[in-house]
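Sequence lines set the chain letters: A, B, ... in the order given, protein chains first and strands last, and positions in each chain run from 1.
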2 protein chains.
Amino acid sequence: MSITKVRLSDQVYLELKRMLEEKEFSPGDKFHSENELTAMLGVSRSSIREALRLLEVAGFVTVQHGKGIFVSDPGNAGQKALEKWLNENETSLSEHFEIRLIIDPKAAASAARKADESDIKKLREICAQFKQSVAKGNTADTINFDEQFHLTLAKSTKNRTLYMIMKTMTQSLPEGWISSLHVPGRIEKTIKEHCAIVDAIEARDLARAEQKMAEHLTNALNDIRSSMHKDPEVTK
Amino acid sequence: MSITKVRLSDQVYLELKRMLEEKEFSPGDKFHSENELTAMLGVSRSSIREALRLLEVAGFVTVQHGKGIFVSDPGNAGQKALEKWLNENETSLSEHFEIRLIIDPKAAASAARKADESDIKKLREICAQFKQSVAKGNTADTINFDEQFHLTLAKSTKNRTLYMIMKTMTQSLPEGWISSLHVPGRIEKTIKEHCAIVDAIEARDLARAEQKMAEHLTNALNDIRSSMHKDPEVTK
DNA sequence: TAATTTGACTTGTCTGACAAGCAGATGTCT
DNA sequence: AGACATCTGCTTGTCAGACAAGTCAAATTA
């Protein structure tokens, strides 16, 4: 039997995690300050801070200099880990696309089966907002609503793990992906393609939802490639 | 533009990670001590220690009280965090299966396109070893080779991100999954199904590889369910 | 009233100190 | 000489206190 002396900061980590779960903190709430925590737990600030680093990478809290410690959306918890890995291993455009092409279409099919009316309503709203932002020429919003569309779709599969993976992938896209919306004509096509996907979901047509999503991704990638170089070959 | 003041410990984290990668440390090697690092990087020990906690959860190093800091196998690096999330959020059997059913068949198709001869050779070897362990009645090995099969297949897609996701999913299966091999007749079916998949990959038949993998997973799940309860409904 | 300053609070970093675990060198006794 | 105990120097773990730096609101001033 190995009696492992548990590091104090690890115990603090578990204790703080317990507090966050049990006390039912809401996302965005301000958590206790470092000084408060040292008093509450009776350990030094160093140990508190080391535990905070762990809570941070685990996605339970976000720490802001001068402001304080804030509870983050538990839906984000754990996701940061994957996100970090993706960023540090700078996945190529083709790798990213390959996975998106595997997951997203099937997720669309799954959504066509499991999405409830509020999900579909929200998807329609996002499509409308997307169209609006395009009309206004607000590119920041446009990019954001494009992201929102894929995320809402992922959420309506009711599969938390699937949602987590897709959310992470979506939010840590490689460079070129975002620029696809700058390709002439791509935005207009995106509007139509998104609508077609929602239509299929609403009609509970699994196969069509899957197909439309696959088309959407493939079209986007083709436009990206042709805009970047004339070279159709991607990396190696 | 948000100019984010980067935390010093985060910079140290990146710097240490760079050192670990570039200097080509071997797993098990002793890394620089905390005091050496403070001298080398010119920052306080606090910052070094906070960075070390990050390196630790990321799986790059292991720290032992009184002995020192040791380099760990980089193959596992980064994955531990995601594994932690999956364990802490105890994904249900149906959630796990849904994702496997999305990813694995497509991965098999991708492998049918990208696997080289050594990959296929290795897959055949694992199939043979699987069969051997079954004959010997060594269940531990049997489970291990089953895992190996799916991992090797994932690796032969040449997509690191895909491999990382599949590896994590495979290694943190929910309870019931492993017990599928204990269902009477399941092992024999597994042998045939694995062979059929490898055959398809060797023949470069993308569609068949995808289909055989889907069948394999579906059959496994059905056997699990029927063995657990007569109830075909899963969770809620 | 409006702009500015002050001050209290937050997290970020540094320093020095001591406890605790480990391993090899040293020394002592048989 | 060999076996055992001790000492010493390294390591990480924890603590306490100090100051820098960012943030926000109340108090002060023009």
* Is it true that A:Arg186 and A:Glu193 have a side-chain N and a carboxylate O under 4.0 angstrom from each other? -> yes
* Minimum side-chain heavy-atom gap A:Arg53-A:Glu56 below 4.5 Å -> yes
* To do: Nearest whole angstrom, please: distance from the P of D:dG13 to the CD1 of B:Ile48.
  => 13 Å
* Asked: Do A:Lys17 and A:Glu21 have side chains that get closer than 4.5 Å, going by heavy atoms?
  -> yes
* Structure fact -> Rounded to whole Å, the NZ-C1' distance (B:Lys67 to D:dG13) equals 16 Å
Check nucleotides 16-20 of chain D against the protein and report each pair of N or O atoms closer than 3.5 Å, with its distance, or say if there are none.
residue	atom	partner	partner atom	Å
D:dA18	N6	A:Arg45	NH1	3.4

* What integer distance in Å separates A:Leu41:CG from D:dT14:P? -> 13 Å
* Asked: Whole-Å distance between D:dA21 P and B:Leu8 CG?
  -> 13 Å
* Want to know the stems of DNA chain C: at least 3 consecutive Watson-Crick or G-U pairs with distances under 3.5 Å, which are they? -> C:1-30 with D:1-30
* B:Arg49 side chain near D:dT12 phosphate (N/O to OP1/OP2, under 4.0 Å) -> no
* **Contact boundaries on DNA chain C for chain A, cut-off under 4.0 Å to non-hydrogen atoms** => C:dT10 to C:dG21
* State, yes or no, whether a side-chain contact exists between B:Phe60 and B:Leu54 at a heavy-atom distance under 4.5 Å. => no
* Report yes if some heavy atom in the side chain of A:Ile99 is under 4.5 Å from a heavy atom in the side chain of A:Ile165; otherwise report no. => no
* To do: Measure from CG on B:Asn35 to P on D:dG13 and round the result to the nearest Å.
  => 12 Å
* Structure fact -> Taken to the nearest whole Å, CG/B:Leu52 to P/D:dT11 is 13 Å
* Asked: Looking at B:Arg53, does any N or O in its side chain come under 4.0 Å of the phosphate oxygens OP1/OP2 on D:dG13?
  -> yes
* Return the orientation label for the A:His194 and A:Phe149 ring planes: parallel under 30°, perpendicular over 60°, tilted otherwise. => parallel
* **Student check: side-chain heavy atoms of A:Arg100 and A:Leu221 closer than 4.5 Å** => no
* Asked: What's the shortest heavy-atom distance between B:Ser44 and B:Thr38, and which atoms?
  -> C-CG2, 4.0 Å
* **Charged N-O contact under 4.0 Å between A:Lys122 and A:Glu125** => no
* **Rounded distance (Å) that lies between atom C1' of D:dT11 and atom NZ of B:Lys30** => 7 Å
* Do B:Asp116 and B:Lys158 come within less than 4.5 Å of each other through their side chains, counting heavy atoms only? -> yes
* Note, A:Lys106 side chain near A:Leu162 side chain (heavy atom, < 4.5 Å) -> no
* Structure fact -> Taken to the nearest whole Å, CD/B:Glu56 to C1'/D:dG13 is 12 Å
